[in-house]
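Comments concern the structure below.
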Amino acid sequence: PTIYAITPTFTRPVQKAELTRLSQTFLLVPNFHWIVVEDSIKKTPLVTNLLASSGLTYTHINAPTPPHYKLGKNDPNWEKPRGVEQRNAALRWIRNNLNESHNGVIYFADDDNTYSRFLFKEIAKVKRVGVWPVGLVGGLMVERPICDKATGKVTGFNAVWKPDRPFPIDMAGFGINLKVILEKKDALFAYEIQSGFQESEILKQVTHRDELEGLADGCSKVYVWHTRTQPPVLNTETLLIKKGKSSNQGIEV
Ligand code: UGA
Ligand code: MN
């Protein structure tokens, strides 16, 4: 199958570094199609050029988060969901441009995580909805489904953070076959739900706990990490900008 990885992304100092890291991992993956969705009113030159020179098969779209739902600079990040508008735009693109003749699996690949190339071999096995462990999330070293090694049947989850979530796993911990996305043609993410429930929101529309396919060696291997990039300290840059002498005049960073 082709792996369709959906990545919401937004302009900030670390954006090019994040997308560079991702693109170079994705180059190691056979049959890969990157759907990059900018949280912006227009497609930016930075992302346009990065994709054009990436060597990847890609689709570049933009879908701005409505201002009312956008996080402010100093808002705590759990206050509003992130990536909703962008992932939904990608799902609409998929439903408008792909059909039953395509063999694919959909994966939501945020731009700040760290992906092992071995993850994609697991994603490629997803028949309907597959799940696997995610490292460094939910306050744990690893948050994971508990599953039977032989059959892949999922019998529970080890989550401690909001364990009452219908599907207590991170966005990076599941993949959905394209045929399921096409069958459940109205399944989307939503704004007005409890924080931390985005994953459950989409999963409850497309599957049930007892039909999940536990992958990554009986959910015992970690191939993706919920890393979060620390915003860089740019206090000196701020001074230079005031003097009209920013360090990156004419240089894309
Ligand atoms: C956790 C999950 O890992 C996310 O998949 C989920 O969307 C989020 O919680 C949530 O509950 O909304 P976290 O690391 O806190 O993630 O989220 P971010 O990595 O900050 O954002 C997820 C994606 O949305 C990233 O690809 C990011 O670039 C993008 N994003 C973030 C935007 O497109 N616009 C923004 O204003 C902020
Ligand atoms: Mn993140």
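These numbers come from a predicted model, not from an experiment. One-based numbering, in listed order, for ligands and for the atoms of each. Both backbone and side-chain heavy atoms feed into the values below; hydrogens, waters and symmetry mates do not.
- Side-chain atoms of Ser200 never come within 3.5 Å of backbone atoms of Phe197 as a donor-acceptor pair (strictly under, hydrogens ignored).
- Looking at Pro8 and Arg87, their side chains come closer than 4.5 Å, going by heavy atoms from C-beta outward.
- Remark: distances from the non-hydrogen atoms of Thr65 to ligand 1 are all 4.0 Å or more.
- For atom 3 (O) of ligand 1, the closest non-hydrogen atom on the protein side is Asp170 OD1, 2.8 Å.
- Asp111 OD1, 3.7 Å is the protein heavy atom nearest to atom 27 (C) of ligand 1.
- Every atom of ligand 1 is numbered from 1 in the order shown, and the set under 4.0 Å from a heavy atom of His226 is 1 (C), 3 (O), 13 (P), 14 (O), 16 (O).
- Using modelled atom types and a 3.5 Å distance limit, the side chains of Thr9 and Glu18 yield no donor-acceptor pair.
- Listed by number with element, the atoms of ligand 1 under 4.0 angstrom from any heavy atom of Thr9 are 28 (O), 33 (O).
- Protein atoms that are N, O or S and lie under 2.8 Å from the Mn ion (ligand 2) are these: Asp112 OD1, Asp112 OD2.
- The nearest non-hydrogen atom to atom 5 (O) of ligand 1, considering only Asp110, Val84, Asp39, Leu19, comes from Asp110.
- Relative ring orientation between Tyr115 and Tyr107 is described as perpendicular, the plane-to-plane angle rising above 60° on a 0-90° scale split at 30° and 60°.
- Aromatic pair Phe167/Phe157: ring centres not closer than 6.0 Å.
- Residue contacts with ligand 1 include Arg87, since one of its heavy atoms falls under 4.0 Å from the ligand.
- A donor and an acceptor atom, one from each side chain of Trp34 and Thr7, are located under 3.5 Å apart.
- For atom 32 (C) of ligand 1, the closest heavy atom belonging to the protein is Phe10 CD2, 3.5 Å.
- Between Thr65 and Gln86, the side chains place a donor N or O and an acceptor N or O closer than 3.5 Å (distance only, hydrogens not considered).
- Put simply, the side chain of Trp132 gets close to the backbone of Ala172: a donor and an acceptor are under 3.5 Å apart.
- Without hydrogens or angle criteria, Asn158 side chain to Val142 main chain gives a donor-acceptor distance under 3.5 Å.
- Looking at Asp39 and Arg82, no side-chain N of the basic residue comes within less than 4.0 Å of a carboxylate O on the acidic one, giving no salt bridge.
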>> If you apply the rule side chain to side chain contact (heavy atoms under 4.5 Å, CB included), what do you find for Ile3 with His33, and how did you get there?
In response: CA-CA 6 Å; Ile3 294 170; His33 185 132; over 6 Å; no
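- Taking every heavy atom of Arg228 and a limit of under 4.0 angstrom, the matching atoms of ligand 1 come to 13 (P), 14 (O), 15 (O), 20 (O).
- Note: an N/O pair closer than 3.5 Å links Asp112 and ligand 1 by distance alone.
- Considering each of Gln198, Lys70, Arg82, Arg12, the one bringing a non-hydrogen atom nearest atom 36 (O) of ligand 1 is Lys70.
- Side-chain polar atoms of Glu201 and Tyr191 form no donor-acceptor pair below 3.5 angstrom.
- The shortest N or O to N or O distance between Pro8 and ligand 1 is under 3.5 Å.
- The atoms of ligand 1 that sit less than 4.0 Å from any heavy atom of Gly83 are 24 (O).
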>> Apply side chain to side chain contact (heavy atoms under 4.5 Å, CB included) to residues Glu213 and Arg128 and explain how you reach the verdict.
In response: CA-CA 8 Å; Glu213 303 147 38; Arg128 292 192 63 84; 3.5 Å; yes
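- Taking a 4.0 Å cut-off on heavy atoms, Thr7 fails to register as neighbouring ligand 1.
- Contact annotation: the side chain of Lys162 approaches that of Asp164 to within less than 4.5 Å [non-hydrogen atoms, C-beta and beyond].
- Ligand-side atoms of ligand 1 in range of Met171: 5 (O), range being under 4.0 angstrom from any heavy atom.
- The shortest N or O to N or O distance between Glu199 and ligand 1 is not below 3.5 Å.
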